[in-house]
Number of protein chains: 2
Amino acid sequence: MTQPPQSYRELETLISAEYDTLSKRLQQTARFILDHPQEVALATVAKIAEQADVTPSTLIRLANSLGFNGFSEMQQLFRSRLVNELPNYTERISAVRSATGETPDSTQLLWEFADANRAVLEQLPGRIDPEALEKALDIFEQAQSIHVMGARRSFMVASYMTYALAHVDKPALLISGLGGMYGEQLRAMSQHDALLTISYSPYAEESQKACEDAHQRGLPIVVITDSTLSPLARFADVVFVVNEAEVKSFRGLTASFCLTQTLAIGLGVRQNKSSERGLSPDIRKDP
Amino acid sequence: MTQPPQSYRELETLISAEYDTLSKRLQQTARFILDHPQEVALATVAKIAEQADVTPSTLIRLANSLGFNGFSEMQQLFRSRLVNELPNYTERISAVRSATGETPDSTQLLWEFADANRAVLEQLPGRIDPEALEKALDIFEQAQSIHVMGARRSFMVASYMTYALAHVDKPALLISGLGGMYGEQLRAMSQHDALLTISYSPYAEESQKACEDAHQRGLPIVVITDSTLSPLARFADVVFVVNEAEVKSFRGLTASFCLTQTLAIGLGVRQNKSSERGLSPDIRKDP
DNA sequence: AGGATATTGGAATAAATATTCCATTTAAAC
DNA sequence: GTTTAAATGGAATATTTATTCCAATATCCT
């Protein structure tokens with residue numbers, strides 16, 4: 001028995017090579033599975049057979065005649081294709097390794113970082129709930145000014161957001177804790193403001209405190225975090241869950257920066273729109 | 001029996017709402033399935049249970065207590081999430097690219113940003129000179145401490161770099177100008193240190209000043225900027241030119257962050273290597 | 001501390017699903 | 001046109017996988 005293909009690619013190649021030698025039904029089935037890989041990955045033999053208008057036996061025969069040990073073995077290839085096509089980067093990275101060949105470690109590392117972050121950006125927009133985005137912008141638009149909180153790693157994102165907000169002329173205050181004045185900065189939050197908190201896994205005390213405080217004062221709260229189950233989520237009116245890349249046990253922030261940019265610029269676009277309709281056609285431009 | 005969620009998003013919401021009312025094992029399981037949706041979509045109950053370190057029963061109990069009629073019903077949601085994520089991508093992107101000006105809604109904007117930044121990350125590693133990378137790391141490795149300068153927009157990157165360097169135990173000082181003390185901070189630079197300056201198009205006076213100063217004092221200088229012709233380049237021992245995405249006349253920083261990460265972690269890797277050979281096997285972990 | 005209640009693990013069972021096998025049909029060869 | 005070989009469908013069977021149920025354990029309450 002010829003050994004079976006090890007990847008979806010190999011399978012494709014094999015099928016087109018052997019296509020002519022297959023019987024009529026087997027050709028029909030082969031065509032179907034290549035046309036509906038998703039179906040094949042997830043459905044049962046019976047369901048697939050029905051859709052392809054063949055009997056279950058035929059499916060199994062096809063798998064066997066392609067060198068597999070039963071249909072299930074072939075199905076695995078379709079399943080791994082499904083997850084690899086999504087930015088699951090393990091395979092991709094090894095491809096990078098071989099493609100770059102003789103490069104110093106540092107360049108290798110750069111490829112890894114760039115690739116991991118690229119993968120994360122590919123997932124991001126599909127995983128953000130459009131309604132949540134709109135709702136967050138509603139909140140920000142109505143707020144007099146926006147307080148932005150982020151400790152340690154999240155501070156970078158908070159700081160970036162504050163910068164971007166200033167850029168679109170939205171009053172923004174970074175809760176920096178500078179000079180140990182967290183308390184004072186929190187007390188500056190008024191009812192007409194809104195709070196954006198960014199916080200990741202060992203969720204900083206200060207960030208939770210900020211949310212609690214804002215919640216008590218009745219401010220609307222938007223949270224960017226790394227899990228639906230984050231303790232920050234309980235206080236939030238809108239929660240964004242972002243997935244960041246991890247390389248060498250160092251977590252990136254690319255997705256958060258991208259989301260942050262979108263929120264700020266999205267707000268800017270809205271403001272321009274309403275001011276065009278209204279009084280001052282204050283169109284901002286760039287750095 | 002409460003009716004089950006109809007989509008993955010609803011499931012997420014339900015879990016975070018009910019999380020507190022779940023038992024210990026059920027919480028553990030819930031956390032796992034949210035963290036490993038891919039696994040849940042494709043593996044069998046037994047496999048998932050093993051990975052989550054619970055018994056199969058628990059998995060089924062969780063599904064039931066979330067309103068589903070058995071685990072398989074819940075798994076369907078994970079599967080449909082898997083297939084819905086993929087085909088949208090190319091479709092969505094081309095929609096974004098053609099629909100210039102049309103439907104400037106926030107989600108559209110998010111796709112635009114994500115795609116633009118993704119494109120930038122794809123180019124980045126090919127455009128960075130491997131030798132420059134190595135040389136920069138040489139400089140940083142030999143430096144007693146690293147001073148990091150960046151004004152306005154570049155400040156975000158400088159601040160990120162400082163954070164990342166601290167993370168790999170490299171003494172780093174951010175030249176922030178806090179309290180108007182640029183001069184004082186610059187004077188703190190010693191001959192045994194190095195300077196990393198980040199600066200983009202309307203190149204800030206302060207950044208140039210910092211480079212001049214460091215140059216006079218004989219410090220090695222690494223520059224991250226946006227053009228070979230940047231005024232900063234004249235003082236630099238190593239120059240990195242990065243290309244950032246521009247959407248709605250707002251320039252991103254994704255590539256710079258990525259390069260910055262690489263420099264910091266690359267330095268960390270080197271330090272680990274030499275300390276393994278040498279005395280203290282100081283292996284760093286995690287954020 | 002001691003009983004009541006809820007939670008958990010694991011083996012037993014039920015259900016779903018893949019695979020085999022044989023009778024029947026279709027195509028090929030002479 | 002008959003014989004032979006290959007291909008096919010579908011019911012029977014084997015296997016895998018989900019689910020139930022009960023005994024053991026932990027947790028809560030008084």
Side-chain angles (χ1 to χ4, degrees), chain A residues 1-5 11 15 18-33 36-80 82 229, chain B residues 1-5 11 15 18-33 36-80 82-83:
Chain A
M1 187 172 291
T2 58
Q3 60 174 354
L11 176 62
I15 288 180
E18 301 287 299
Y19 188 78
D20 294 327
T21 77
L22 295 174
S23 75
K24 197 174 58 147
R25 273 289 127 89
L26 255 35
Q27 290 187 344
Q28 174 187 346
T29 313
R31 186 142 358 102
F32 181 88
I33 66 168
H36 305 80
Q38 230 164 252
E39 197 64 28
V40 177
L42 295 177
T44 67
V45 174
K47 292 246 172 63
I48 301 165
E50 197 194 327
Q51 297 225 16
D53 202 36
V54 294
T55 62
S57 331
T58 313
L59 264 171
I60 283 141
R61 267 195 286 267
L62 176 65
N64 287 333
S65 67
L66 290 172
F68 294 100
N69 223 116
F71 170 79
S72 306
E73 204 178 296
M74 181 172 82
Q75 194 177 38
Q76 282 312 112
L77 258 44
F78 284 82
R79 292 190 163 181
S80 59
L82 206 57
L229 299 176
Chain B
M1 187 172 289
T2 57
Q3 61 175 354
L11 176 62
I15 290 180
E18 299 288 297
Y19 188 76
D20 294 326
T21 76
L22 295 174
S23 72
K24 197 174 58 147
R25 273 288 123 89
L26 255 35
Q27 290 187 344
Q28 173 187 346
T29 314
R31 196 173 278 279
F32 181 87
I33 66 170
H36 305 82
Q38 224 164 257
E39 198 63 29
V40 177
L42 295 177
T44 67
V45 174
K47 292 243 174 66
I48 302 164
E50 198 193 327
Q51 297 224 17
D53 202 35
V54 294
T55 61
S57 333
T58 312
L59 226 71
I60 284 142
R61 268 196 285 267
L62 176 64
N64 288 332
S65 66
L66 290 172
F68 294 100
N69 224 115
F71 169 80
S72 306
E73 205 178 296
M74 180 171 85
Q75 194 178 37
Q76 282 312 112
L77 258 45
F78 285 82
R79 291 188 164 183
S80 58
L82 204 58
V83 300

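So that the names make sense, note that chain A is the first sequence line, chain B the second, and so on, each numbered from 1.
- Shown here are the side chain to side chain donor-acceptor pair (under 3.5 Å) partners of B:R25, two or more places apart in sequence or in another chain: B:Q28.
- Between A:I60 atom CD1 and D:dA7 atom P the separation is 17 Å, expressed in whole Å.
- When atom types are taken as modelled, the side chain of A:Q75 and the backbone of A:A43 share a donor-acceptor pair closer than 3.5 angstrom.
- Considering all non-hydrogen atoms of both residues, A:L26 and A:R61 come closest at CD1-CB, 4.4 Å.
- Atom-to-atom, CE of B:M74 to C1' of D:dA18 comes out at 13 Å; the value is rounded to the nearest Å.
- Listed by chain and residue number, nothing satisfies the ring-ring contact (aromatic ring centres under 6.0 Å, His included) test with B:F71 (two or more places apart in sequence, or in another chain).
- Taking the C1' atoms of five terminal pairs at each end of the helix from C:dA1-D:dT30 to C:dC30-D:dG1, the two resulting helix axes are inclined by 30°, rounded to 10°.
- Using a 4.0 Å heavy-atom distance criterion, A:S72 is classed as a sugar-phosphate-only contact.
- At whole-Å resolution of the value, CG in B:N69 and C1' in D:dT19 are 11 Å apart.
- Toward the 5' end of DNA chain D, the nearer of the two residues A:S23 and B:Q75, judged by each one's closest nucleotide, is A:S23.
- Using a 4.5 Å heavy-atom threshold, the side chains of B:N64 and B:N69 count as separate.
- Taking each heavy atom of A:L66 and A:M74 in turn, the nearest pair found is CD1-SD, 4.1 Å.
- For A:T58, no side-chain nitrogen or oxygen approaches OP1 or OP2 of D:dA7 to under 4.0 Å.
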Please list, pair by pair, any protein nitrogen or oxygen found under 3.5 Å from a nitrogen or oxygen in nucleotides 21-29 of chain D.
none

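- The distance from the CD1 atom of B:I15 to the OG atom of B:S65 is 9.0 Å, given to the nearest 0.5 Å.
- Taking B:P5 as the reference, B:E10, B:L11, B:L14, B:F68, B:L77 meet the side-chain contact (heavy atoms from CB on, under 4.5 Å) condition, with sequence neighbours excluded.
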For residues 44-55 of chain B, run the donor-acceptor check on the side chains, cut-off 3.5 Å, and write out each pair with its distance to 0.1 Å, sequence neighbours left out.
| unit_1 | atom_1 | unit_2 | atom_2 | d |
| --- | --- | --- | --- | --- |
| B:T44 | OG1 | B:K47 | N | 3.3 |
| B:Q51 | NE2 | B:E39 | OE2 | 3.0 |
| B:T55 | OG1 | B:T58 | OG1 | 3.0 |

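- Taken residue by residue, residues 42-52 of chain A places heavy atoms nearer than 4.0 Å to DNA chain C at A:T44, A:V45, A:A46.
- Contact footprint of chain B on DNA chain C: nucleotides with an atom under 4.0 Å from a non-hydrogen protein atom, first to last in 5' to 3' order, C:dT7 to C:dG10.
- Evaluation of the side chain to side chain donor-acceptor pair (under 3.5 Å) rule for B:D20 yields A:R234 as partners, not counting sequence neighbours.
- Residues B:R79 and B:L42 approach most closely at NH2-O, 4.4 Å, considering heavy atoms.
- The closest side-chain heavy-atom distance from A:I33 to A:L62 is below 4.5 Å.
- Residues passing the ring-ring contact (aromatic ring centres under 6.0 Å, His included) test with B:Y19, sequence neighbours excluded: none.
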